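Take a look at the structure set out below.
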2 protein chains.
Amino acid sequence: MATGRTHRPATRSRGIPEATVARLPLYLRALTALSERSVPTVSSEELAAAAGVNSAKLRKDFSYLGSYGTRGVGYDVEYLVYQISRELGLTQDWPVVIVGIGNLGAALANYGGFASRGFRVAALIDADPAMAGKPVAGIAVQHTDELEHIIEDNGVSIGVIATPAGAAQQVCERLVAAGVTSILNFAPTVLSVPDGVDVRKVDLSIELQILAFHEQRKAGEETGHESAAPAPVADAGAVEAGRKGPDGDVPAVMPA
Amino acid sequence: MATGRTHRPATRSRGIPEATVARLPLYLRALTALSERSVPTVSSEELAAAAGVNSAKLRKDFSYLGSYGTRGVGYDVEYLVYQISRELGLTQDWPVVIVGIGNLGAALANYGGFASRGFRVAALIDADPAMAGKPVAGIAVQHTDELEHIIEDNGVSIGVIATPAGAAQQVCERLVAAGVTSILNFAPTVLSVPDGVDVRKVDLSIELQILAFHEQRKAGEETGHESAAPAPVADAGAVEAGRKGPDGDVPAVMPA
DNA sequence: ATGTCTTTGTGAACGCGTGCACAAAGATAG
DNA sequence: CTATCTTTGTGCACGCGTTCACAAAGACAT
């Protein structure tokens with residue numbers, strides 16, 4: 001998982017567990033694919049396989065939405081697509097602003113899946129005056145000065161932050177002050193926001209580090225240490241990848 | 001949270017809970033910042049605030065690594081940076097390949113946080129012959145034909161998939177066959193992999209949909225429906241954002 | 001050396017999420 | 001109409017993760 005919810009500790013929304021909400025988009029995607037192939041119905045087993053989850057879990061997830069299946073048959077694909085879309089709020093239009101049009105921001109602006117499913121890029125915003133007016137993904141970039149103006153005029157409630165880490169908190173505060181209540185943060189920083197504002201983060205660096213942890217573990221087991229004692233460590237990994245730094249006792253100095 | 005772990009149901013690695021592993025990078029980042037400011041020690045309270053978590057949780061997390069704190073004082077910043085780095089496997093070099101050099105792939109290649117902390121972009125791979133040889137982020141893009149060759153020669157065990165959804169599973173299989181055992185997937189598809197291979201996914205579209213769900217909920221509460229009954233729904237949201245589609249009973253047709 | 005004060009490390013309780021396993025419900029055939 | 005077969009919906013138990021609250025440990029002053 002690349003993100004983590006912030007705030008809202010156990011405030012299960014309307015009885016639908018957070019874990020279930022996080023899977024609904026997955027089901028929706030699988031269902032949309034079936035719909036395009038004109039498949040009329042699916043069983044929980046088939047759909048679960050397509051979404052990569054357990055069928056019992058899927059049935060329980062759907063049970064939170066209501067009884068939309070038919071016993072002995074399965075679920076009506078079209079109907080379920082509609083119900084999930086509605087539950088997720090995708091039957092309405094969500095204008096979104098992207099702040100920080102660097103490599104990543106531009107990539108996001110160009111991302112096709114963005115436009116689909118009710119999301120619409122209302123504006124691209126960047127602090128660099130040289131960027132202003134330049135078209136990215138067919139939309140002219142606007143200067144940060146316009147931020148509040150844009151949010152209010154378009155009724156934007158979802159903001160995407162793709163700025164450098166240093167600027168993220170400040171941008172966040174301006175977005176929130178202007179009326180944004182949901183933020184998707186790509187900057188490698190912890191954002192602090194007032195209650196009522198949702199933040200989800202996507203952090204490449206964290207994901208890689210988690211993978212590295214497991215990778216190291218696999219390599220360690222492979223070469224023999226079964227580690228029952230607290231810490232044999234010290235020479236973990238070094239698999240076939242040559243290089244293995246001077247694993248001394250001096251704290252490694254970490255850039256950025 | 002933007003991603004979700006796949007496989008490895010309850011295989012707690014070496015006694016360190018998965019949830020803790022996922023937070024270690026967060027602590028490391030906060031600690032690194034402190035280190036750069038030459039702060040010698042931190043209390044669990046301070047560090048927890050910086051990382052955006054509960055102090056009790058942080059202490060319990062650290063307790064899985066060992067007793068690295070001093071009661072009455074706190075934690076030695078440098079020492080902790082080193083211990084966490086070692087635990088995460090960041091004291092060694094991790095060559096990484098990025099497959100799919102479109103907008104996103106290029107953004108990832110240019111991402112600074114990539115190079116830091118032991119990760120090194122070993123190669124950029126794309127299926128488009130026209131891309132071959134073109135430099136992106138100072139590295140010449142190589143053709144997909146070279147994939148197996150590159151993986152083996154560089155001892156790559158971590159792969160990043162930034163291809164279109166349609167190509168992801170196939171690329172994944174080739175990566176795994178060539179020896180990659182950890183995959184970070186940016187393509188909006190469920191990847192199926194053999195046991196022993198870790199997959200983490202980052203999915204923009206899913207994140208937005210989760211935000212939309214909560215956003216809709218907030219808007220609904222605001223305008224009055226406290227929803228005790230199963231489903232008053234139907235006119236959720238439409239806040240001040242003008243547009244509100246014909247919210248009829250015909251299943252919405254979803255592009256892509 | 002003794003006492004006070006701060007902060008860690010953890011035992012215990014609780015709640016959420018998952019998965020099993022089965023009863024209920026409906027389709028379908030005879 | 002009855003029997004059989006399929007598939008949903010869910011009660012229940014279990015395990016992980018979070019949080020509280022406090023005892024133990026060490027620093028520091030006297």
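Here the structure is a predicted model, which is why all the values come from computation and not from measurement.
- No side-chain donor-acceptor contact under 3.5 Å links A:Thr189 and A:Gln169.
- Aromatic pair B:Tyr79/B:Tyr68: ring centres closer than 6.0 Å.
- A donor atom on one side chain and an acceptor atom on the other are not found under 3.5 Å apart for A:Arg86 and A:Thr91.
- When each of D:dG17, D:dT8, C:dT8 is scored by its nearest atom to the side-chain atoms of A:Ser43, the top-ranked nucleotide is D:dT8.
- Straight-line distance from the CG atom of A:Leu58 to the P atom of C:dC20: 14 Å, rounded to whole Å.
- Checking A:Ser205 against A:Gln209 by side-chain atom types alone, a donor-acceptor pair falls below 3.5 Å.
- Distance, A:Lys57 NZ to D:dC16 C1': 13 Å, rounded to whole Å.
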In B/S/- notation (B base, S sugar-phosphate only, - none; protein heavy atoms under 4.0 Å), nucleotides 24-30 of chain D written 5' to 3' is BBSS---
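- Between the base of D:dT19 and the side chain of B:Lys60 there is a donor-acceptor pair shorter than 3.5 Å.
- Here the C1' atom of nucleotide C:dG9 and the CD atom of B:Glu45 are 15 Å apart, to the nearest Å.
- With C:dT18, D:dG17, C:dG9 as the choices, the nucleotide that has an atom nearest any side-chain atom of B:Ser67 turns out to be C:dG9.
- As judged by a 4.0 angstrom heavy-atom cut-off over every strand, B:Thr20 is placed among residues making no nucleic acid contact.
- For the pair A:Phe62 CZ and C:dA25 C1', the interatomic distance rounds to 19 Å; values are reported in whole Å.
- Per the geometry, CZ belonging to A:Arg23 stands 12 Å off C1' belonging to C:dG19, to the nearest Å.
- Side chains of B:Gln83 and B:Glu87: a donor-acceptor N/O pair is absent below 3.5 angstrom, by distance only.
- Distance, A:Leu65 CG to D:dT10 P: 12 Å, rounded to whole Å.
- When the shell of 6.0 Å around CD of A:Glu173 is examined, it contains more than 12 heavy atoms from other residues, nucleotides or ligands.
- A salt bridge does not link B:Asp198 to A:Arg217: none of the charged side-chain nitrogens sits closer than 4.0 Å to a carboxylate oxygen.
- Nearest nucleotide to the A:Arg59 side chain, out of C:dA21, D:dC20, C:dT18: C:dA21.
- Rounding to whole angstrom units, CG of residue B:Leu80 and P of C:dT7 are separated by 16 Å.
- Atoms OH (A:Tyr75) and C1' (C:dA25) sit 13 Å apart, rounded to a whole Å.
- Nearest to the side chain of A:Asn54, among D:dG17, C:dC20, C:dG17, sits C:dC20.
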